[in-house]
Amino acid sequence: MYTVLLADDEEEAIKVIMKKIDWEALGFSVIGSADNGVKALEMVEDSQPDVLVTDIKMPYMDGMELSDRVKRRFPATKILLFTGFDEFEYAKEAIHLEVEEYILKPVNSVELTQVFRQLKIKLDQEISEKRNVEILQKHYLESLPLLQADFYSALMEGRIRGDEVDRYLADYQITFKGPLFCCLVIHTSSRQALESMDPLLLSMSVREQAKERLGERWQVKSFPYLGNTVFIAQLENENEVTELTDECDRFCKYACRMIGAYVTVGVGPVCRTVMELPQSYSGAREAVSYRALYGTSRAINMKEIVPQDMDPDMKRSGLSNEEELSSLFRTIRVGKEDEVREAVDRYLASITSQYRSMQQHHIGIMELISALYRFSLNNDIAMEDEIGNVEKMYGSLLDLEPEALKKWLLKISLFFREQMICARSRSTRSLIARAQEYVGSNYADEELSLDKICAALGVSNSYFSAMFKKETGETFVAYLTDHRMERASRLLIGTNEKSYMIARQVGYTDPNYFSYVFKRKFGVSPSKYRTEHADSGN
């Protein structure tokens with residue numbers, strides 16, 4: 001079933017369409033209707049329907065502007081435009097909107113049925129192309145050349161010297177314009193894939209769709225690495241990373257809906273040179289691991305989820321147990337208690353092996369203390385409160401038997417885990433509190449929006465929206481509207497100001513739209529609300 005959203009300010013017109021069209025037989029399901037363009041856009045952003053059917057003439061936002069906004073933000077959504085006879089030529093001139101069909105009013109059910117039959121065929125073909133195994137195999141054969149893939153892999157692993165980069169870029173015809181760069185790690189879940197879909201082909205499909213949606217805007221370089229797809233995005237300035245995160249978040253939801261893939265995109269820190277890309281990649285890979293906390297089908301920006309500006313990169317120790325050490329710290333950040341216990345066991349096994357000398361064992365213990373100390377500093381954890389003076393630990397730990405060492409390391413690891421959980425909670429509450437304070441000071445600003453407050457707070461729309469909904473139980477737009485309406489209701493009761501003046505004071509330039517939103521909130525118009533409360537006050 002493809003989803004359809006109807007937008008028309010004539011309620012009777014919507015009822016006629018709902019009644020006369022056998023939607024289920026055509027393969028469609030109507031998920032809702034809106035009586036103005038603003039409400040329609042909100043519903044599109046929330047549900048991302050496959051088809052939008054809209055009239056041209058509507059209050060607050062007409063069908064032309066609505067179509068333009070939907071096409072720019074949700075290009076996969078098909079649009080059918082209702083027009084009156086006198087609007088037909090005007091509508092036809094707007095070819096840049098890529099409207100599927102222009103339908104003259106009054107609507108003829110036979111004609112509309114035929115339009116949706118053709119549209120169903122087109123939608124089926126598009127999805128079939130995206131899921132067709134032969135096309136996926138072709139995409140796989142057309143992946144990046146081996147030399148380019150080897151170069152990117154070597155770059156991520158730090159095997160390319162700074163004086164070699166320019167030669168490699170010239171030999172392999174790779175162009176980096178920058179001036180800034182950011183690594184994205186795109187992880188496609190193999191456990192949640194469709195039963196009929198080969199996981200490798202599904203991953204290739206996600207890669208090609210991601211290149212199609214993100215490639216041109218961000219001039220990405222892509223390559224497969226360690227079971228994931230890695231993108232190197234190029235940015236004009238550091239502020240663009242929030243826009244990049246939001247686009248990645250929309251892509252994750254698109255991939256789930258269109259090809260049945262559960263995708264997580266990790267967004268690493270912004271860097272200024274190609275040689276810094278390994279650090280950005282490390283942060284992006286770390287961000288992907290946080291899907292255990294924040295869920296799949298979304299983008300996760302490491303800078304946003306790590307509280308207190310902690311450094312997501314742990315310096316490599318140089319010893320052979322470095323992978324177990326990194327795994328331990330990753331598990332402390334996002335793992336469950338029993339997973340931390342397992343990670344401690346794996347790490348200790350790597351430094352207490354019978355094939356190591358005592359000197360190597362002592363080096364491993366000292367590296368562990370140093371790593372724990374760096375971790376506590378990077379994450380603003382008062383380590384001394386839990387284990388005392390760090391310098392004294394070097395001597396005492398060297399003499400501990402294996403079981404005592406395990407007990408000590410497990411204790412500090414679980415302590416770190418608890419501190420990370422508390423820090424994330426404090427960070428989220430602080431962000432929401434700052435957002436609510438900002439609304440309290442700026443609700444009268446007619447330009448106040450989700451984009452504006454995210455720019456003020458320095459976070460992406462997708463992260464802020466998810467955290468705000470999780471913390472408050474409602475969307476930011478709903479919170480802002482409720483705050484404005486509560487302020488308006490107080491002004492109506494406590495002052496003699498005209499409704500249009502009160503509308504401006506709470507951020508609405510259109511008094512008609514203010515009355516519409518007020519009535520939707522309180523069930524009566526502003527004037528009637530004032531009269532009723534004045535009467536109750538007497």
- Go through the steps for Asp68 and Arg72 under the test salt bridge (Lys or Arg N to Asp or Glu O under 4.0 Å), then give the verdict. CA-CA 6 Å; Asp68 182 56; Arg72 280 190 282 111; 3.3 Å; yes
What is the ring orientation for [X] with [Y], classed by angle as parallel under 30°, tilted 30 to 60°, or perpendicular over 60°?
| X | Y | answer |
| --- | --- | --- |
| Phe518 | Phe514 | tilted |
| Phe476 | Phe464 | perpendicular |
| Phe176 | Phe181 | perpendicular |

Flag the pair [X] and [Y] as a salt bridge only when some basic side-chain nitrogen lies within less than 4.0 angstrom of an acidic carboxylate oxygen.
| X | Y | result |
| --- | --- | --- |
| Glu240 | Arg217 | yes |
| Asp249 | Lys253 | yes |
| Arg490 | Glu486 | no |
| Glu238 | Lys303 | no |
| Glu11 | Lys15 | yes |

**Message:** One pair to check against side-chain contact (heavy atoms from CB on, under 4.5 Å): Val267 and Tyr463. What are the steps and the verdict?
**Reply:** CA-CA 12 Å; Val267 182; Tyr463 174 75; over 6 Å; no
Side-chain contact, heavy-atom cut-off 4.5 Å: [X] with [Y]?
| X | Y | value |
| --- | --- | --- |
| Lys452 | Tyr438 | yes |
| Val517 | Arg484 | no |
| Leu81 | Ser67 | yes |

Run Met1 and Glu24 through side-chain contact (heavy atoms from CB on, under 4.5 Å) and show every step you take.
CA-CA 8 Å; Met1 283 290 178; Glu24 185 174 354; 3.3 Å; yes
Closest non-hydrogen contact found for Met18 with Val30 is SD-CG1, 3.6 Å
Between the CZ atom in Arg530 and the NE2 atom in His533, the distance rounded to the nearest 0.5 Å is 12.0 Å
Under the criterion side-chain contact (heavy atoms from CB on, under 4.5 Å), I'd like the reasoning laid out for Leu277 against Cys271: C-alpha separation, chi angles, the key distance, then a yes or no. CA-CA 7 Å; Leu277 283 170; Cys271 57; 3.7 Å; yes
When Thr3, Thr77, Ile31, Leu123 are each screened for side chain to side chain contact (heavy atoms under 4.5 Å, CB included) with Val51, the one that passes is Leu123
Salt bridge (charged side-chain N to carboxylate O under 4.0 Å, His left out) filter on Asp124, not counting sequence neighbours, yields Lys120
Point to revise | Neighbour count >12 (heavy atoms, 6.0 Å) for atom CZ, Arg257 | key: yes
